[in-house]
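Throughout, a chain's letter reflects where its sequence line sits, starting with A, and its residues are numbered from 1.
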Number of protein chains: 2
Amino acid sequence: MQHDKDAPLRSDAQRNRERILEVALAELTLCPDAPLSAIARKAGVGQGTFYRNFPNREALVLEIYRHEMRQVADSAAQLLEQLPPDRALRAWMDRLAEFGMTKAGLADAIRLATSKGGLTKPAHTPVSDAAELLLRANDRVGSIRPGMTPDDLVLAIGGLWQMAPTDDWRPRAARLLDLVMDGLRAGAPGAGGPAVPS
Amino acid sequence: MQHDKDAPLRSDAQRNRERILEVALAELTLCPDAPLSAIARKAGVGQGTFYRNFPNREALVLEIYRHEMRQVADSAAQLLEQLPPDRALRAWMDRLAEFGMTKAGLADAIRLATSKGGLTKPAHTPVSDAAELLLRANDRVGSIRPGMTPDDLVLAIGGLWQMAPTDDWRPRAARLLDLVMDGLRAGAPGAGGPAVPS
DNA sequence: ACCTGAACACCGTTCAAGT
DNA sequence: ACCTGAACACCGTTCAAGT
């Protein structure tokens, strides 16, 4: 019989799961295609135990990704309390870039793992919730064009994920985000018409 | 002795190489992680012949990528003859999106293959040449902000490569490119000052 | 109920033998 | 000079046997 879905794990199983996640985060950040067997070994569990917790590489990687991303996403609310909406939006994107660069290996691991099967549409992630929060706050003060969706914003900063962290990524990211912010401000109710009057 | 670098291939070897590329393009477009052994088999060559031509998966994928991308990149000059610079730029980005969606499998194959080793900085690709051409044409008529680099443009449209082709990608791509164009126009000499006057 | 680790399947890569 | 295909190494996944 399989495990009851809502029942708590036995304490040793719980510990095993946490150790796997801990080791996997470190290993995958260093090397996106670290062997799962190596992760299991370093976590001190057998192959079978690993697969009981995570049926495949994608399941492991997505769990780590969601956990890490949630931390950044959650900072959006905090930024909105400290800064005007447009500056909060920009500051949040800066944090996303910073996060992406330190976790570049993890981002590669995600792409490696998720390109295999079907494309997992994340739909309602913490990130899109955060984006929604920031966009609506800006809408309220008229600092950006109306009608922007979280999807729009995520696509607009998509270039961040194809930068290598080794380079002089900071000025490049800054130039990208400056461009995005200018695009967002174009057509804002508070800015007096479109950037190119007709 | 290895092969002389500039000497032409023997005709049968030449044919083999072309058949491998032909089969690989079709297979990788369908399935980004198609086994190299399957590609060799369908191309009618032995494993060794395959590896003589392409020492690893990355070498194969990059060659295909460059070949396919060159076609799109080369259309930039043609567009500039038919349209004003800003419309040519936008039309080129549309083509890039169209191309990316039909070749989504290939794009995944590239990520799969290149995330393994070091990050291969393509540096001077046909795409960055085309971007340079389009940006400078726009600079000359003052339709976009000055100083944009090909790298800036490539990053700005980076979101295209993280869209799934299954969806209603067309309106999403259009919204992204509209935003990018507005960002580019903000601060253009011909548009009368920045989008947000201080 | 959970764990271990050997066993199996599969794919990338090499290489001895052929033409 | 180029080709073939068997052989090897490695990693993901399963499963019989243990606690």
From the set D:dT14, D:dC11, C:dT13, return the single nucleotide nearest to any side-chain atom of B:Tyr51. C:dT13
How many Å lie between CG on A:Asp12 and P on D:dG18, as a whole number? 20 Å
Is the distance from OP1 or OP2 of D:dG12 to the nearest side-chain N or O of A:Asn56 less than 4.0 Å? no
To the nearest angstrom, how far is B:Arg57 atom CZ from C:dC10 atom P? 17 Å
Just the rounded figure in Å: distance from P of D:dC3 to CD of B:Gln14. 11 Å
If every non-hydrogen atom of A:Met101 is compared with every non-hydrogen atom of A:Pro165, which pair is closest and at what distance? O-CB, 3.5 Å
Atom of A:Trp161, atom of A:Leu96 and distance for their closest heavy-atom approach: CH2-O, 3.8 Å
Write down the distance between CG (B:Asn53) and P (D:dC3), rounded to a whole number of angstrom. 7 Å
Considering Watson-Crick and G-U wobble pairs with both distances under 3.5 Å, what does C:dC11 pair with? none
Just to confirm, is there a sub-4.0 Å distance from OP1 or OP2 of D:dC2 to any side-chain nitrogen or oxygen of B:Arg52? yes
In terms of the nearest nucleotide of DNA chain D, which residue is placed more toward the 5' end: A:Gly48 or A:Ala34? A:Ala34
Can you find a side chain N or O atom of A:Asn16 that sits less than 4.0 Å from OP1 or OP2 on C:dC2? no
C:dG18 - base-pair partner by Watson-Crick or wobble geometry, distances under 3.5 Å: D:dC2
From CD of B:Gln47 across to P of D:dT4 the rounded distance in Å is 11 Å
Rounded distance (Å) that lies between atom P of D:dG12 and atom CG of A:Leu36: 4 Å
Whole angstrom is fine here: how far is it from CZ in A:Arg41 over to P in C:dT4? 14 Å
Salt bridge or not between B:Arg17 and B:Glu63? Use side-chain N to carboxylate O under 4.0 Å. yes
Which nucleotide sits closest to the side chain of B:Ala13: D:dC3, C:dA6, C:dC11? D:dC3
Going through the distances and angles, do A:Asn16 and A:Thr49 end up as a side-chain hydrogen bond (donor to acceptor under 3.5 Å, both in side chains)? CA-CA 8 Å; A:Asn16 278 335; A:Thr49 300; 5.2 Å; no
Rounded to the nearest angstrom, tell me the gap between atom CG in A:Leu60 and atom P in D:dT13. 11 Å
In terms of heavy-atom contacts, B:Met181 and B:Asp86 come closest through CE-O, 3.7 Å
Under 4.0 Å: is that the gap between some side-chain N or O of B:Thr49 and OP1 or OP2 of D:dC2? no
